[in-house]
Amino acid sequence: MLKHYDHSKAETKWRKFWEAKKLYKTDLQDSTKPKYYNLVMFPYPSGDKLHIGHWYSYAPADSWGRYMRMKGFNVFQPIGFDAFGLPAENYAIKTGVHPAQTTKTNIAYMRKQLKAMGAFWDWDAEVVTAEPDYYKWTQWVFLQLYKNGLVYRKTAPVNWCPSCKTVLANEQAQDGLCDRCDSEVTKKDLTQWFVNIKQYAQKLLDYKGLDWPEKTRLMQENWIGRSEGSEVDFEIQGYDKKITVYTTRIDTLYGATYMVLAPEHELIEKITTIENKKSVENYIKKTRKATDIERSAEDREKTGVFTGAYATNPVNGAKIPIWIADYVLVHYGTGAVMAVPAHDTRDFAFAKKYKLPIKEVISPINNSIKSTLPKAAFVDDGKLINSSEFGGTPSAQARLDITRFLDKKGLAKLKINYRLRDWLISRQRYWGAPIPIVYCDKCGEVAVAEKDLPVKLPMDIDFTPKGDGKSPLNTSKKFVTTKCPTCGGPATRETDTMDTFVCSSWYFLRYPCSQLEGKPFEEKMLSKWLPVDMYIGGPEHACMHLLYARFIHKAMHDLGYVKASEPFKRLVHQGMITKNGAKMSKSKGNVVSPDEFVKMYGSDVFRMYLMFMGPFTQGGDWNDKGIVGIKRFVEKFWRAMMEEVKDGEKIAPAIIHKTVKKVTEDIDAMHFNTAISALMALANEASGKVLSKDQKQVATRLIAPLAPHLAEEIWSKVGGKGSVFEESWPTYDSAQIVDDEITIAIQVNGRLRGTILIPKDLGKEAVLARAKAEENVKKYLAGQVVKEIYVPGKIVNLVVK
RNA sequence: GCCCGGGUGGUGGAAUGGUAGACACGCAGGACUUAAAAUCCUGUCUCAGCAAUGGGGUGAGGGUUCGAGUCCCUCCUCGGGCACCA
């Protein structure tokens, strides 16, 4: 037998074996075994290639898939590439290398890296979102949304870099600075495509049947931001229009002493009096010029301007001035609020600054709480005062009563509001899926016919920005010029492309259809394979990808394309791997590549080292100091299995059974780190001892999901047939785990004073007697024993006075 | 400001309310070797002690309990998310 395990030889050999046997490939039609859709968030083919963060996520995901396979599931584990997007395009602008070329090169390299991992990816199901046979269906999805009123076009402000004279995606305008030139980003109105995700806000708050981290659910709930309140109409004095406001505190209506409109509110122009016109115009101009940085500055002083107009408070007829201030947001609620300075922090600050009246209408409900007035707004619920017939009513009740009271006059109604905004999917960018819409002089806006998909992205194009804020596709006459699908007349194509999040919000529906010729939305197949049983990826996608994907999936469900109402039944986030405490990124120059470690130690050692670092969901800071420990373990395990010890001490069967139990429970909980410790303990225990062939095979099956190549090599040498992954997961006998003798800890007044070894079935009285007789314990029993506690099999605690 | 999640040896970390520090890394000593590497053995929270043993100890302070790293309250601190959302 070989003294050393040659990882590089073995890993190459077994990868070839798996490939030859197509062991990674899933028969998607199979119905003899329960299906298990095991998915990881597919990578972006960046210039950094795969880094150890990918490995940290993908390797355990593969271990999980292999484990489920051994547990008897028909596991489907696909992989692909999220290939459209800005980095490739920006790189192209800088270097002139076509994004298609960069993407192709990166994918080829990453594919090699992924293969070196030796994971059971079903490569036959691979998708690349930038390829026409994929984005054809991205466009198809768009058309389904379009035809069902879930996509619309409207003019909206977008990020604009005044220096580059170009539109920026949100991702390019982070922290209000332009990605390329660091100028401050401003807003510019452009006609854009939106997806009506808001329509699904309520449905997206339903997580029934989902096994998701609480944290992710909370993040999404927070993002969707449901709130219950009322809409109230205020008449404008001397003008035949009403202003509707949204409030969650209609109970404070009697305290409304002024009203505020967002600077973008449509009524401003009409209600502003002549003498205030100039100051109002100036104010609006100023806020429009303000950069995102200025607008979101912390503790920014409130500013505003009076319109000269007045509204009538619907409950008491009070005349209240109408102001404009940019602390009111146009996109939330109605873009107008009633201001109650006594009971709202922001209104309070504004009222103080502009010397507007503050009227107290809520007082604390009991005497133990004191109102914060007049120093600060009192924002808690309480009971109403100074509110005529509603005086004395508790806030919660008053909200219903006042709404109902005004509802009778048609002036108010209950209203649920969401913070979630519609999803802007237009990008004036080249490297994305073209939006399948054409504009015809006669017919207007027309959808491309499904049979004419894909609308191909032209390859020979000048993708440098022209400074007009338009998509580079505009420069391609060949692309722009087309015929109207309806009338056949001359038409022009939409030149915006789709946000890459559109491509990635449905890719999990593409994989299960991969074995069907060109039918990516076969209901039968999708209903068989969806939802994804396990979805593994980073928590940074909580409010973007994971929300978009749920939305698209629900829409497709409602349109009858898939039975499941949710895409991801179980979601697990791996922790983040940092380098010297910082997120790995090219700009920081701290990206660690897995390649050298894989080459030096092999895939098994590297993946186990990552898993051994700590709990999977925790992540950690990368350093390679401990990797030798795993290498030693692999060698030790190898030797323990290869050794033919004769006439030596036999390993206790209980140890094998205990290890099976521990490893099974740990992998079930995705505690790969402790599963590995348990196997280390087994290797330590087994060294130099006699193991039966059966015991060796059990141990080999246990390590298989964690160190697949090593396991195959050992399997072939301990009498195993075929692949160890065609074997079932080992089981244990609970009866074998119980030791005949157990150690009991003995405490006196909660302090450990000794341990005793007792037969496992010894009764309470006998255990207590033995405990008291223990030499060291005796010393502490001078006083009266007032209480005796015995936790069977664990501990004795004697309480002495 | 609001909502989450952490804080345990020199390091990564382990511990259904029941012997804190498993399993590793590192370090120290030893065996093997001419030597080194590899491997193996022993020790390794801290203080006192040759030892047996005892005191202290899981960010800080209180509390519940026979018993708290674990549960409750207050605070400190680090990480993540959201943030003028009426």
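Lettering follows sequence order; numbering is per chain, from 1.
- Per the geometry, CD1 belonging to Ile676(A) stands 18 Å off P belonging to rA22(B), to the nearest Å.
- Taking both residues in full, the closest heavy atoms of Ile362(A) and Asp380(A) are given as CG2-O, 3.9 Å, listed atom of the first, atom of the second, then distance.
- Among the heavy atoms of the strands, none lies under 4.0 Å from Lys631(A).
- Contacts with RNA chain B (heavy atom under 4.0 Å) in residues 790-797 of chain A: Val791(A), Lys794(A), Ile795(A), Asn797(A), listed by number.
- Because its glycosidic torsion is more than 90° from 0, rG17(B) is reported here as anti.
- When the nearest nucleotides of RNA chain B are assigned to Asp666(A) and Thr247(A) by heavy-atom distance, the more 5′-ward of the two goes with Asp666(A).
- Across all strands, Asn749(A) comes closer than 4.0 Å to no nucleic acid atom at all (heavy-atom distances).
- Side chains of Arg421(A) and Phe194(A) form no contact here, defined as non-hydrogen atoms less than 4.5 Å apart.
- Arg217(A) has a carboxylate O that lies under 4.0 Å from a charged side-chain N of Glu214(A), or vice versa, which qualifies the two as a salt bridge.
- Between the side chains of Thr244(A) and Thr334(A), not a single donor N or O lies within less than 3.5 Å of an accepting N or O.
- If you check rA14(B), rC66(B), rC3(B) against the side chain of Thr674(A), the one that comes closest is rA14(B).
- Using atom P as the reference point in both rA22(B) and rG13(B), the two lie 15 Å apart (nearest Å).
- Comparing rG54(B), rU19(B), rC40(B) against the side chain of Arg753(A) picks out rG54(B) as the nearest.
- Nucleotides rG30(B) and rU19(B) have their C1' atoms positioned 30 Å apart, rounded to a whole Å.
- The distance between atom CE of Met576(A) and atom P of rC78(B), rounded to the nearest whole Å, is 16 Å.
- With respect to Arg770(A) and Glu774(A), no salt bridge is recorded, no charged nitrogen being found less than 4.0 Å from a carboxylate O.
- Residue-level contact check: Pro615(A) touches the backbone only, with heavy atoms under 4.0 Å from sugar-phosphate atoms and none from bases.
- A salt bridge is defined here as a Lys NZ or Arg NE, NH1 or NH2 lying under 4.0 Å from an Asp or Glu carboxylate O, and Lys772(A) with Glu788(A) meets this definition.
- Comparing rC76(B) with rG59(B), their C1' atoms sit 7 Å apart, to the nearest whole Å.
- Within 4.0 Å of Gln618(A), counting heavy atoms only, lie sugar-phosphate atoms of the nucleic acid but no base atom.
- No close placement of the Trp55(A) and Phe597(A) rings is indicated, their centers lying 6.0 Å or farther apart.
- At a cut-off of 3.5 angstrom, counting only N and O atoms as typed in the model, there is a donor on one side and an acceptor on the other between the side-chain of Lys302(A) and the base of rC84(B).
- Look at CZ on Phe637(A): it is 17 Å from C1' on rA24(B), rounded to the nearest Å.
- Residue contacts shown for Phe612(A) include a base, since a base heavy atom lies under 4.0 Å away.
- Put simply, Tyr332(A) has a side-chain N or O that comes within less than 4.0 Å of OP1 or OP2 on rA86(B).
- Contact between the side-chain N/O atoms of Arg632(A) and the OP1/OP2 oxygens of rG26(B) is found at a separation under 4.0 Å.
- Looking at the side chain of Arg419(A), the nearest of the listed nucleotides rG55(B), rC82(B), rC23(B) is rC82(B).
- For Arg639(A), taking side-chain heavy atoms from C-beta onward, the closest of the listed nucleotides rU39(B), rC3(B), rU19(B) is rU39(B).
- When the C1' atom is compared between rU42(B) and rC47(B), the two are found 23 Å apart, to the nearest whole Å.
- Between the P atoms of rC27(B) and rU34(B), the separation comes to 25 Å (whole Å).
- For the pair Asp251(A) CG and rA86(B) P, the computed distance is 13 Å after rounding to whole Å.
- Dashed line: the shortest gap from a side-chain N or O of Lys787(A) to OP1 or OP2 of rC66(B) is under 4.0 Å.
- At whole-Å resolution of the value, OH in Tyr418(A) and P in rA86(B) are 13 Å apart.
- Residue Leu798(A) contributes atom CG, which lies 19 Å from atom P of rG18(B) at whole-angstrom precision.
- Using a 4.0 Å heavy-atom distance criterion, Asn673(A) is classed as a sugar-phosphate-only contact.
- Under the 6.0 Å distance and 45° angle rule, Arg550(A) does not count as a cation-pi partner of Trp223(A).
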- prompt: When Watson-Crick pairs (N1 to N3 and N6-O4 or O6-N4) and G-U wobble pairs (N1-O2 and O6-N3) count only below 3.5 Å on both distances, what is the dot-bracket string of RNA chain B, with | for other-strand pairs?
  reply: (((((((..(((.....[....)))((((((.......))))))((((....))))..(((((..]....))))))))))))....
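- Distance check on atom C1': rG69(B) versus rA14(B) gives 11 Å, rounded to whole Å.
- If you take atom C1' in rC25(B) and the same atom in rC75(B), they sit 35 Å apart, rounded to whole Å.
- Closest to the side chain of Met613(A), from the set rU19(B), rU53(B), rG12(B), is rG12(B).
- Atom CD in Glu221(A) sits roughly 18 Å away from atom P in rG81(B) (whole-Å rounding).
- At a threshold of 4.5 Å between non-hydrogen side-chain atoms, the residues Pro321(A) and Tyr354(A) do not count as touching.
- Without hydrogens or angle criteria, His343(A) side chain to Val379(A) main chain gives no donor-acceptor distance under 3.5 Å.
- Rounded to whole angstrom, the span from the CE atom of Met680(A) across to the C1' atom of rG13(B) amounts to 12 Å.
- Contact check for Met641(A) versus Leu691(A): side-chain heavy atoms found under the 4.5 Å cut-off.
- The aromatic rings of Phe637(A) and Phe633(A) sit perpendicular to each other, their planes meeting at more than 60°, with 30° as the lower class boundary.
- Considering only the side chain of Ser677(A), rA22(B) comes nearest among rG18(B), rG26(B), rA22(B).
- Residue contacts shown for Ser227(A) are limited to sugar-phosphate atoms, with no base heavy atom under 4.0 Å away.
- As judged by a 4.0 angstrom heavy-atom cut-off over every strand, Asp347(A) is placed among residues making no nucleic acid contact.
- Looking at the side chain of Val799(A), the nearest of the listed nucleotides rU19(B), rC23(B), rC66(B) is rC66(B).
- Only the P atoms considered, rU16(B) is 32 Å distant from rU39(B), to the nearest whole Å.
- Tyr780(A) comes within 4.0 angstrom of the backbone, heavy atoms only, and of no base.
- In this structure, Phe606(A) and Trp622(A) have perpendicular ring planes: the angle between them is above 60°, well past the 30° mark.
- For the pair Gly750(A) and Val330(A), nearest-nucleotide mapping onto RNA chain B gives the more 5' position to Gly750(A).
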